[in-house]
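Written below as structure tokens is the structure these notes are about.
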Amino acid sequence: MSPKSNGAFSDFMEGLEQRNPHETEFIQAVRDVAHSVFPVLEENKDYQDAKILERMTEPDRIISFRVSWEDDEKNVRVNRAWRVQFNRAIGPYKGGLRFHSSVNQSILKFLGFEQTFKNSLTDLPMGGGKGGSNFNPKGKSSREVMRFCQSFMTELFRHIGPDADVPAGDIGVGAREIGFLFGQYTRLTNEFEGALTGKGLTYGGSPIRKEATGYGAIYFLQCMLARADEPLEGKRLAISGAGNVALFAAERSVQEGAKVVTLSDSDGFIHCSSGLDEEALEGIKALKLEERGRLSELADRVKGIEYVAGKAPWGVECDVAIPCATQNELDGDAARTLVGNGLRAVVEGANMPSTDEAIQCFRENGVIFGPGKAGNAGGVAVSGFEQSQNAARLSWSREDVNARLKSLMQTIHEKCADEMERDEGIDYVDAANRAGFRKVADAMLAYGVT
Ligand code: NDP
């Protein structure tokens, strides 16, 4: 960045921090993008005059609402919920719903902001949005989750629709929750339409949607490794998380001949130094996705697995780290430990799982680093395919969707590689930010001042 650009960047960030006090996650996400795109702004007076970045960092609107529901003991419970409709320049708002006790407006703003650039990278007509609630489905009965989802949708339904805003799943919102939410949406609107993605296959869902984020991350990793002339086969992969993204990243990795040596949940991690086989992985998927069990139960069930309580998996020797749990789960200390153990590459399955310090450490040590915006875009891409199938009242085959997903991840990688050729001083982080930014910025310019 030129000294002039550097000064403008500092002024911009100071203003943003003043306007959004205490929103640490949102500020972190904006800093990452702004740092990458300031040199692009410097070259483009139209972007500067139109105050594109200032406008892009204010959500179009935030809907905030109360969700009241009754638990199994007949107690009235109250939660807070939001839908952040961040940017609609290139299509209807699109992004997941998160149900977790940590959810607040800052986290949803960071996720909605990130989603805008990720969706742009897919080249599908999708704007950016995100929503959720501080409701925690863990430990709740299915009936309690259903009553919560119905109450949540009773407020949200008036703000969404196939051409307006199309939510999907995220942490704590999987197939079961999407079923409850969509069931209530069709009841309230008297319409059967693609206003949510991640639906079950019997009611408008797409094949490969649940696998898409994890599979897509591995396809992107393969592209990054191929560019560096390295194979995926035989590499040891430390994966965090044991949810939708982590489990299908693990499944694809094993199918591609890599060794998955860890998975984790918020209580600890499992370690299998020889790599999980397909049978062990099927058992883990059943435990996590169907029985809703904990990884701590596995050491007794599966041979060759060690369970380590209370720790993240980053101390384990591996060639590739794939954080797939949550934001800021991989910090500077973890990054230094991984690098000390010979780490070659990182691809982010989760959104913003690496802290700024961790990314800096990877940069300084020549680790190939694929940011979540590019690496985990496969999920929303197949959500886009689900919207297309719903609109055309068609159903594509599993093979077809998987082939489209793979090709789309390769295209995202090519876009990043093109940016890196255009400016040799940048890496995948800057490249993904710039490629995502240009398309949204040009659409906003075309609309005039809105
Ligand atoms: P799930 O709820 O299915 O799984 C999340 C996993 O991460 C669980 O194993 C959970 O453990 C663990 N986890 C969550 N919070 C923490 C925490 N604070 N500390 C340690 N572990 C934690 O979510 P997904 O797999 O859908 O999402 C994971 C990440 O991927 C998120 O960042 C999400 O935004 C991102 N993402 C998801 C997409 C999707 O298609 N689902 C698309 C793109 C990105 P526990 O059960 O103990 O809470």
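Since we're looking at a predicted model, the values are computed, not measured. Order of appearance sets the numbers: ligands from 1, and atoms from 1 within every ligand.
- With a heavy-atom cut-off of 4.0 Å, Thr213 touches ligand 1 through its side chain alone.
- Counting atoms of ligand 1 from 1 in the listed order, those under 4.0 Å from a heavy atom of Arg98 are 31 (C), 32 (O), 33 (C), 34 (O).
- Between the side chains of Arg252 and Gln255, at least one donor N or O sits under 3.5 Å from an acceptor N or O.
- Under the side-chain contact (heavy atoms from CB on, under 4.5 Å) test applied with Val347, the options Leu225, Asn376, Ile322 reduce to a single match, Ile322.
- Within ligand 1, the atoms closer than 4.0 Å to a non-hydrogen atom of Lys138 are 45 (P), 47 (O), 48 (O), numbered from 1 in the order shown.
- Across Arg236, Arg344, Lys235, a single residue satisfies side-chain hydrogen bond (donor to acceptor under 3.5 Å, both in side chains) together with Asp319, and that is Arg236.
- Set against the non-hydrogen atoms of Ser266, the atoms of ligand 1 under 4.0 Å away are 11 (O), 20 (C), 21 (N), 45 (P), 47 (O), 48 (O).
- Considering each of Leu295, Asp170, Asp265, the one bringing a non-hydrogen atom nearest atom 34 (O) of ligand 1 is Asp170.
- With a 4.0 Å heavy-atom cut-off, ligand 1 is reached by no atom of Gln327.
- Under the 4.0 angstrom criterion for non-hydrogen atoms, Ser264 is in contact with ligand 1.
- Closest to atom 24 (P) of ligand 1 among all protein heavy atoms lies Val245 CG2, 3.8 Å.
- Within the 4.0 Å heavy-atom criterion, neither part of Ser102 lies near ligand 1.
- Note on ring orientation: taking the six-membered ring where Trp is involved, the planes of Trp69 and Phe135 are perpendicular (angle over 60°, cut-offs 30° and 60°).
- Put simply, atom 10 (C) of ligand 1 has no protein non-hydrogen atoms near it, under 4.0 Å away.
- Heavy atoms of Arg209 found under 4.0 angstrom from ligand 1 belong exclusively to the side chain.
- Residue-ligand proximity, Asn351 to ligand 1, at heavy-atom distances under 4.0 Å covers atoms 32 (O), 33 (C), 34 (O), 35 (C), 36 (N), 44 (C).
- Checking each of His159, Arg88, Lys94, Arg83 against Asp165 for a side-chain hydrogen bond (donor to acceptor under 3.5 Å, both in side chains) leaves exactly one that passes, namely Arg83.
- Judged by the 6.0 Å and 45° rule, Lys140 forms no cation-pi pair with Phe99.
- At a cut-off of 3.5 Å, with distance as the only test, no side-chain donor of Asp333 or Trp314 sits close to an acceptor on the other residue.
- For atom 28 (C) of ligand 1, the nearest non-hydrogen atom from the set Ala325, Ala350, Gly241 belongs to Ala325.
- Near Gly172, meaning under 4.0 Å from one of its heavy atoms, ligand 1 places the atoms 2 (O).
- Only the backbone of Cys324 comes within 4.0 Å of ligand 1, judged by heavy-atom distances.
- Evaluated for a side-chain contact (heavy atoms from CB on, under 4.5 Å) with Cys324, the options Val245, Leu247, Leu263 yield exactly one hit, Val245.
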Test log, rule salt bridge (charged side-chain N to carboxylate O under 4.0 Å, His left out), inputs Lys285 and Glu282: CA-CA 5 Å; Lys285 275 166 57 192; Glu282 279 309 309; 3.1 Å; yes
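- Of the candidates Thr326, Ile171, Asn136, it is Ile171 that places a heavy atom closest to atom 23 (O) of ligand 1.
- Looking at Glu177 and Arg98, no side-chain N of the basic residue comes within less than 4.0 Å of a carboxylate O on the acidic one, giving no salt bridge.
- Residue Asn244 has at least one nitrogen or oxygen atom sitting less than 3.5 Å from a nitrogen or oxygen atom of ligand 1, judged on distance alone.
- At least one N or O atom of Ala242 sits closer than 3.5 Å to an N or O atom of ligand 1.
- The ring of Phe110 has its center no closer than 6.0 angstrom to the ring center of Phe86.
- Asp267 and Tyr307 form no side-chain donor-acceptor contact under 3.5 Å, judged by distance and modelled atom types alone.
- With a 4.0 Å cut-off on non-hydrogen atoms, Arg294 touches ligand 1 through its side chain and not its backbone.
- In the candidate list Ser383, Gly96, Gly243, Gly243 is nearest to atom 4 (O) of ligand 1, counting heavy atoms.
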